[in-house]
Amino acid sequence: MPPRNGNTPKGRVAFIHPDLGLGGAERLIVDAAVGLQRRGYDVTIFTGYHNPSHAFPETVDGTLKVVPVCQWIPRSLFGKCVALFSYVKMTLVALYVNFLAISSSRRPQVIVCDQVSACIPALKLLPGFFYPKVMFYCHYPDLLQTSRGNFFKRLYRAPLDWLEEFTTGLADKIVVNSLFTRYVFQETFRGINTTPDVLYPSINTKLFDETMKSKQALKQLDNINSKYTFLSLNRFERKKNIALAIRTLKKLRTCVDEEEWGSVHLVLAGGYDPRLEDSVKYLEELKKICANEGVVDHVTFIQSPKDDVKVHLISKCFALLYTPSNEHFGIVPLEAMYMGKPVIAVDSGGPRETVVNEVTGFLCPATEIHFAVAMARLIKDPKIAATLGSSGKARFKEHFSFDAFSLMWDRSIEGLISTSSTYGHGRAELTGKIAREKID
């Protein structure tokens with residue numbers, strides 16, 4: 001919601017996001033919008049898709065203003081051309097923002113887009129009606145998140161890959177979510193000379209604190225009461241390597257005694273989108289792996305948990321298992337650290353910047369035996385788990401607090417706004433000069 005009591009907003013910011021669902025990228029955008037709004041900005045999120053039943057509460061309960069655009073456009077064509085449809089949809093969303101800017105006095109001074117940079121030309125290169133500054137938040141280069149298994153896929157991706165680098169370079173400011181992503185960005189986009197700033201994600205700790213005061217979600221979790229409940233919290237996608245957690249469970253059985261094994265349970269929770277064929281197939285595959293490994297009775301699946309359920313899941317767990325390799329950042333380890341839980345994560349990517357090995361958790365190779373040994377260490381000596389959890393919470397408060405996160409966003413947006421009016425004035429003068437020369 002915009003600033004109240006008639007106060008003039010500190011600035012006007014628009015976010016453009018392709019699909020405002022229940023993922024880590026979406027959580028970051030929502031948190032950034034909430035943080036800026038609390039600091040006095042007028043914030044609106046424009047998105048190509050928003051389903052209130054599959055979205056974060058701040059986008060539904062009136063906390064944030066969300067404007068869905070072109071929801072009638074499908075996500076893909078029979079499961080194909082997802083990137084192309086996303087590029088087209090984001091460009092149409094950008095044109096819609098342009099249209100609103102013509103007809104409204106509340107023109108955004110800064111537009112933040114993420115995931116898809118193809119919309120930037122629609123904001124920067126069209127004959128201008130307004131002159132916003134554009135910030136692009138790169139979670140990870142999109143061209144690295146798809147395979148090119150055959151000639152036709154390579155042919156299809158070639159122009160899209162070129163367009164991604166070209167349009168990303170048009171942004172006035174580029175930020176990334178970790179040092180790891182910045183390194184990958186620079187290695188991937190050799191034609192962009194800008195060094196992106198690192199703007200670490202955080203979590204909305206107020207939401208966590210308020211949720212813990214409520215006991216409503218606990219009724220849904222009555223059956224999750226094992227002494228050693230390990231939690232995996234990831235979208236049901238193949239790249240998240242959730243199968244590692246299941247196979248680790250079987251290996252763990254050889255590392256603990258029967259009494260300890262009887263108190264072990266694994267909860268696999270995360271975003272599930274029935275629109276996505278890969279998501280549907282992967283969930284079925286994970287259930288088959290549970291059966292094949294003989295651990296069905298020790299595993300619980302929870303699809304698309306709401307925020308309150310997720311918070312209580314973290315609070316009830318003994319430790320977090322984080323299985324993706326080369327994760328761009330990884331917001332879930334931060335959530336666990338804030339709740340004072342140890343984190344067992346793959347030793348690569350973003351978790352290397354959040355989890356300190358042997359201090360706030362364990363960084364392990366992505367193998368069942370290494371994960372199982374780390375889990376067994378916690379089971380054999382719960383005092384270690386408590387110590388690691390306490391250290392994780394202290395590290396979160398020092399380096400990744402929501403106040404620090406929102407302050408960094410405030411400074412970035414404020415810096416862009418301070419130059420946007422000058423930029424717009426300069427372009428207006430140049431346009432006028434060209435018009436006079438033509439008349440003369």
Side-chain angles (χ1 to χ4, degrees), residues 13 15-38 43 45-61 63-66 112-116 137-140 175-178 181 198-212 217 231-237 239-240 269-273 279 302-315 320 322 324 327-339 341 343 345 349-351 353-354 396 400-406 408-409:
V13 181
F15 286 83
I16 298 180
H17 186 79
D19 187 333
L20 203 59
L22 288 170
E26 290 72 36
R27 185 68 256 177
L28 182 141
I29 293 302
V30 170
D31 286 342
V34 169
L36 288 174
Q37 190 166 269
R38 288 181 186 173
V43 179
I45 300 178
F46 297 88
T47 180
Y49 184 81
H50 181 240
N51 180 358
S53 64
H54 188 76
F56 291 111
E58 297 93 332
T59 69
V60 179
D61 62 13
T63 300
L64 294 170
K65 182 180 180 182
V66 176
V112 180
C113 55
D114 72 310
Q115 291 190 327
V116 178
Y137 195 105
C138 179
H139 303 278
Y140 202 72
V175 294
V176 294
N177 54 14
S178 66
T181 299
V198 176
L199 210 169
Y200 283 123
S202 183
I203 63 172
N204 187 349
T205 53
K206 182 180 179 181
L207 172 67
F208 276 66
D209 296 339
E210 291 178 349
T211 299
M212 287 307 299
L231 173 65
S232 168
L233 198 56
N234 278 298
R235 290 192 307 277
F236 288 103
E237 294 180 0
K239 65 182 180 180
K240 299 299 184 180
Y272 173 79
D273 193 338
S279 186
I302 299 179
Q303 301 170 22
S304 300
K306 295 295 185 181
D307 271 358
D308 58 346
V309 175
K310 182 184 75 172
V311 170
H312 282 296
L313 276 172
I314 298 174
S315 72
L320 177 81
Y322 199 66
E327 185 71 358
H328 321 148
F329 177 73
I331 199 69
V332 178
L334 284 190
E335 295 174 332
M337 288 163 62
Y338 179 70
M339 299 295 288
K341 304 297 179 178
V343 178
E353 299 171 46
T354 54
F396 172 89
F400 302 103
S401 71
F402 191 78
D403 285 342
F405 166 80
S406 58
M408 291 299 295
W409 272 91

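Heavy atoms only, all atoms of each residue included: N204 and R38 are closest at OD1-NH2, 3.4 Å. Contact between A345 and P351 at its shortest, heavy atoms only, is CB-CB, 4.1 Å. The two residues S315 and M339 have their closest heavy-atom pair at CB-CE, 3.6 Å. Residues F402 and T205 come closest through the heavy atom pair CB-OG1, 4.0 Å. Pairing each heavy atom of V30 with each of F56, the nearest pair is CG2-CD1, 4.2 Å. Nearest heavy-atom pair, V60 versus A55, reported as atom, atom and distance to 0.1 Å: CG2-CB, 4.2 Å.
Annotation: side chain of L64 is in contact with side chain of V34 (closest heavy-atom distance under 4.5 Å). Within the 4.5 Å cutoff, side-chain heavy atoms of D209 are placed close to those of Y338. Counting heavy atoms from C-beta on, the side chains of N234 and P324 come closer than 4.5 Å. Looking only at side-chain heavy atoms (C-beta outward), H17 and F15 stay at 4.5 Å or farther from each other. In this structure the side chain of F405 reaches within 4.5 angstrom of the side chain of L199, judged on heavy atoms. The side-chain heavy atoms of H50 and I45, taken from C-beta on, include no pair separated by under 4.5 Å. Side-chain atoms of T211 and D307, non-hydrogen and from C-beta on, never get closer than 4.5 Å to each other. Side-chain atoms of L28 and F329, non-hydrogen and from C-beta on, never get closer than 4.5 Å to each other.
Here the CG-CG distance, from D273 to N51, works out to 8.5 Å after rounding to the nearest 0.5 Å. In this structure, CG in D31 is found 10.5 Å from CH2 in W409, a value given to the nearest 0.5 Å. For the atom pair OH (Y137) and SG (C113), the distance works out to 13.0 Å, reported to the nearest 0.5 Å. With values rounded to the nearest 0.5 angstrom, K65 atom NZ is found 11.0 Å from Q37 atom CD. Atom-to-atom distance recorded for R235:CZ and S279:OG is 9.5 Å, nearest 0.5 angstrom. Here S202 contributes atom OG and R27 contributes atom CZ; the two are 10.5 Å apart, rounded to the nearest 0.5 Å.
Of the residues listed (V332, I331, V311), the one engaging I203 in a side chain to side chain contact (heavy atoms under 4.5 Å, CB included) is I331, and it is the only one.
Residues forming a salt bridge (charged side-chain N to carboxylate O under 4.0 Å, His left out) with E327 (at least two apart in sequence, or on another chain): K240. Partners of K239 according to the salt bridge (charged side-chain N to carboxylate O under 4.0 Å, His left out) rule, which considers only residues two or more places apart in sequence or in another chain, are E237. The salt bridge (charged side-chain N to carboxylate O under 4.0 Å, His left out) search around D114 returns none, not counting sequence neighbours.
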Note to self: Between I314 and L231, does the side chain to side chain contact (heavy atoms under 4.5 Å, CB included) criterion hold? Intermediate values first, please.
What the structure shows: CA-CA 7 Å; I314 298 174; L231 173 65; 3.8 Å; yes

Next item on the list: Please test E58 against L207 for side chain to side chain contact (heavy atoms under 4.5 Å, CB included), starting from the C-alpha separation and ending with a verdict.
Entry: CA-CA 10 Å; E58 297 93 332; L207 172 67; 3.9 Å; yes

Notebook entry, point to check: Stepwise, does the side-chain hydrogen bond (donor to acceptor under 3.5 Å, both in side chains) test hold for T63 with D61?
Noted result: CA-CA 6 Å; T63 300; D61 62 13; 2.7 Å; yes

Margin query: Using the rule given for side chain to side chain contact (heavy atoms under 4.5 Å, CB included), can you reason through E335 versus F208, listing the C-alpha separation, both sets of side-chain angles and the distance that settles it, and then say yes or no?
Written below: CA-CA 9 Å; E335 295 174 332; F208 276 66; 3.7 Å; yes

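Ring geometry, Y272 versus F236: the interplanar angle exceeds 60°, so the pair is classed perpendicular (tilted spans 30 to 60°).
At least one donor-acceptor pair under 3.5 Å links the side chain of T181 to the backbone N or O of H328.
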